[in-house]
Amino acid sequence: MSVPLHKRSENKLDAYVKTLAMVKYTMQMIENEKLFPKKSRWNLASKVADNCLDSLTKIRQANKIQAKTEEQAKFRLKLQFDVLLHFDALWGLMTVAYESYCIPSDKIETWCNLLQEAEDKVSAWRRYDTKRFSEEFKI
């Protein structure tokens with residue numbers, strides 16, 4: 001039996017799950033030679049892959065930190081902020097890819113939607129942690 005929509009709660013790993021979906025789609029995109037020619041692999045595609053993989057790594061690291069001290073809380077928030085910076089860089093890289101390699105509109109739309117969902121979840125996670133840590137540690 002499914003849970004009614006109004007009774008569903010946020011999944012604590014939603015930021016990771018959404019980012020993972022975006023990263024998997026991105027990797028499929030950049031491995032497609034019709035979308036990203038081999039000559040672009042060393043410049044644009046490698047930067048896209050690095051940003052994606054770094055964001056996923058930092059989400060996992062931030063999630064591992066069970067903040068017991070103010071320093072740990074600040075480090076967790078920093079990792080979350082770094083993920084948002086990687087997402088911002090991805091927006092720019094995606095724009096260049098779209099305009100330079102004529103990626104079909106449906107593929108770029110899916111890619112943008114996945115990135116937006118991941119960014120929204122990480123932003124919400126960071127807002128929640130900021131509020132929680134400000135009450136707990138007076139950050």
Side-chain angles (χ1 to χ4, degrees):
M1 180 194 284
S2 65
V3 178
L5 189 60
H6 69 281
K7 290 186 177 182
R8 293 180 191 169
S9 62
E10 281 289 313
N11 181 348
K12 294 180 181 180
L13 290 176
D14 243 1
Y16 176 76
V17 170
K18 296 293 184 185
T19 302
L20 180 60
M22 184 271 300
V23 169
K24 287 179 2 184
Y25 187 81
T26 302
M27 298 313 255
Q28 290 172 353
M29 293 268 294
I30 63 177
E31 289 172 0
N32 184 339
E33 289 183 21
K34 292 179 183 174
L35 299 176
F36 285 85
K38 281 188 178 183
K39 64 182 180 184
S40 71
R41 293 269 161 75
W42 291 105
N43 50 28
L44 186 61
S46 65
K47 289 180 184 355
V48 170
D50 289 346
N51 270 284
C52 284
L53 297 173
D54 287 348
S55 64
L56 197 60
T57 300
K58 289 183 183 222
I59 286 175
R60 290 184 58 84
Q61 290 170 341
N63 195 51
K64 274 286 192 207
I65 297 172
Q66 300 302 317
K68 304 277 190 234
T69 66
E70 184 176 334
E71 284 178 355
Q72 290 173 334
K74 285 181 179 179
F75 188 61
R76 180 174 164 131
L77 290 172
K78 182 199 174 310
L79 288 170
Q80 292 167 338
F81 184 70
D82 288 348
V83 171
L84 294 173
L85 290 177
H86 283 298
F87 287 165
D88 189 58
L90 278 170
W91 283 115
L93 294 168
M94 286 168 60
T95 302
V96 171
Y98 177 64
E99 293 177 1
S100 299
Y101 300 114
C102 301
I103 297 174
S105 297
D106 61 325
K107 292 196 179 299
I108 202 72
E109 183 179 353
T110 302
W111 199 10
C112 287
N113 288 338
L114 288 168
L115 179 55
Q116 187 64 57
E117 288 175 1
E119 188 174 36
D120 290 346
K121 292 298 181 181
V122 173
S123 292
W125 179 34
R126 189 168 192 277
R127 275 193 306 277
Y128 173 80
D129 277 0
T130 300
K131 182 180 179 204
R132 182 173 64 124
F133 295 149
S134 67
E135 293 169 359
E136 194 172 331
F137 300 112
K138 309 297 184 227
I139 294 178

List the steps and the verdict of side chain to side chain donor-acceptor pair (under 3.5 Å) for Gln116 and Asp120.
-> CA-CA 6 Å; Gln116 187 64 57; Asp120 290 346; 2.8 Å; yes
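- Cluster annotation: Val96 is connected to Leu114 through the hydrophobic network of ILVMFWY side chains, with a link wherever side-chain heavy atoms come within less than 4.5 Å.
- Nearest heavy atom pair, residue Cys52 against residue Ser55, reads O-OG, 2.6 Å.
- One finds the CD atom of Glu136 at 10.5 Å from the CD atom of Glu70 (value rounded to the nearest 0.5 Å).
- Leu79 and Leu53 sit in two unconnected hydrophobic clusters of ILVMFWY residues. Membership requires side-chain heavy atoms under 4.5 Å apart, directly or through other members.
- Here the CG-CH2 distance, from Asn63 to Trp125, works out to 5.0 Å after rounding to the nearest 0.5 Å.
- Counting only distance, with no hydrogens or angles, the side chain of Arg126 and the backbone of Leu77 share a donor-acceptor pair below 3.5 Å.
- A salt bridge does not link Lys58 with Asp54: none of the charged nitrogens is closer than 4.0 Å to a carboxylate oxygen.
- Shown here is Tyr101, whose OH atom has more than 12 heavy atoms of other residues, nucleotides or ligands within 6.0 Å.
- The pair Glu117-Lys121 does not meet the salt-bridge criterion, since no charged nitrogen lies less than 4.0 angstrom from a carboxylate oxygen.
- Panel note: side chain Ser46, backbone Asn43; a donor-acceptor pair is recorded below 3.5 Å.
- Taking the side chain as every heavy atom from C-beta outward, Gln80 and Thr130 never approach each other to under 4.5 Å.
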Exercise answer: donor-acceptor pairs, residues 87-95 side-chain atoms, under 3.5 Å, sequence neighbours excluded:
residue, atom, partner, partner atom, Å
Trp91, NE1, Glu119, OE1, 3.0
Thr95, OG1, Trp91, O, 2.9

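- Grouped by direct or indirect side-chain proximity (heavy atoms under 4.5 Å, Ile/Leu/Val/Met/Phe/Trp/Tyr only), Leu85 sits with Phe81.
- Around atom CZ of Arg60, no more than 12 heavy atoms belonging to other residues, nucleotides or ligands sit under 6.0 Å away.
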Give the intermediate values and the outcome of side-chain contact (heavy atoms from CB on, under 4.5 Å) for residues Asn113 and Glu109.
-> CA-CA 6 Å; Asn113 288 338; Glu109 183 179 353; 3.8 Å; yes
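- Thr19 contributes atom OG1, which lies 11.0 Å from atom CG of Leu13 (distance to the nearest 0.5 angstrom).
- Of all heavy-atom pairs between Ile59 and Ala15, the closest is CD1-O, 4.0 Å.
- Once rounded to the nearest 0.5 Å, the distance linking OH of Tyr25 with OG1 of Thr110 reads 4.5 Å.
- Interatomic distance, CG of Asn51 versus CG of Leu56, reported as 12.5 Å (0.5 Å rounding).
- No more than 12 heavy atoms of other residues, nucleotides or ligands lie within 6.0 Å of OH in Tyr98, so this atom counts as exposed by the packing criterion.
- Between Asp129 and Arg132 there is a salt bridge, since a side-chain N of the basic residue sits under 4.0 Å from a carboxylate O of the acidic one.
- Counted within 6.0 Å of CZ on Phe75, heavy atoms from surrounding residues, nucleotides or ligands total 12 or fewer; the atom is thus considered open.
- Looking only at side-chain heavy atoms (C-beta outward), Met29 and Ile103 come within less than 4.5 Å of each other.
- Taking all atoms of both residues into account, the shortest heavy-atom contact from Leu84 to Ser123 is CD2-OG, 3.5 Å.
- From Phe133, atom CZ reaches atom CD of Gln72 across 9.0 Å, with rounding to the nearest 0.5 Å.
- For the pair Leu35 and Pro104, the minimum side-chain heavy-atom distance is below 4.5 Å.
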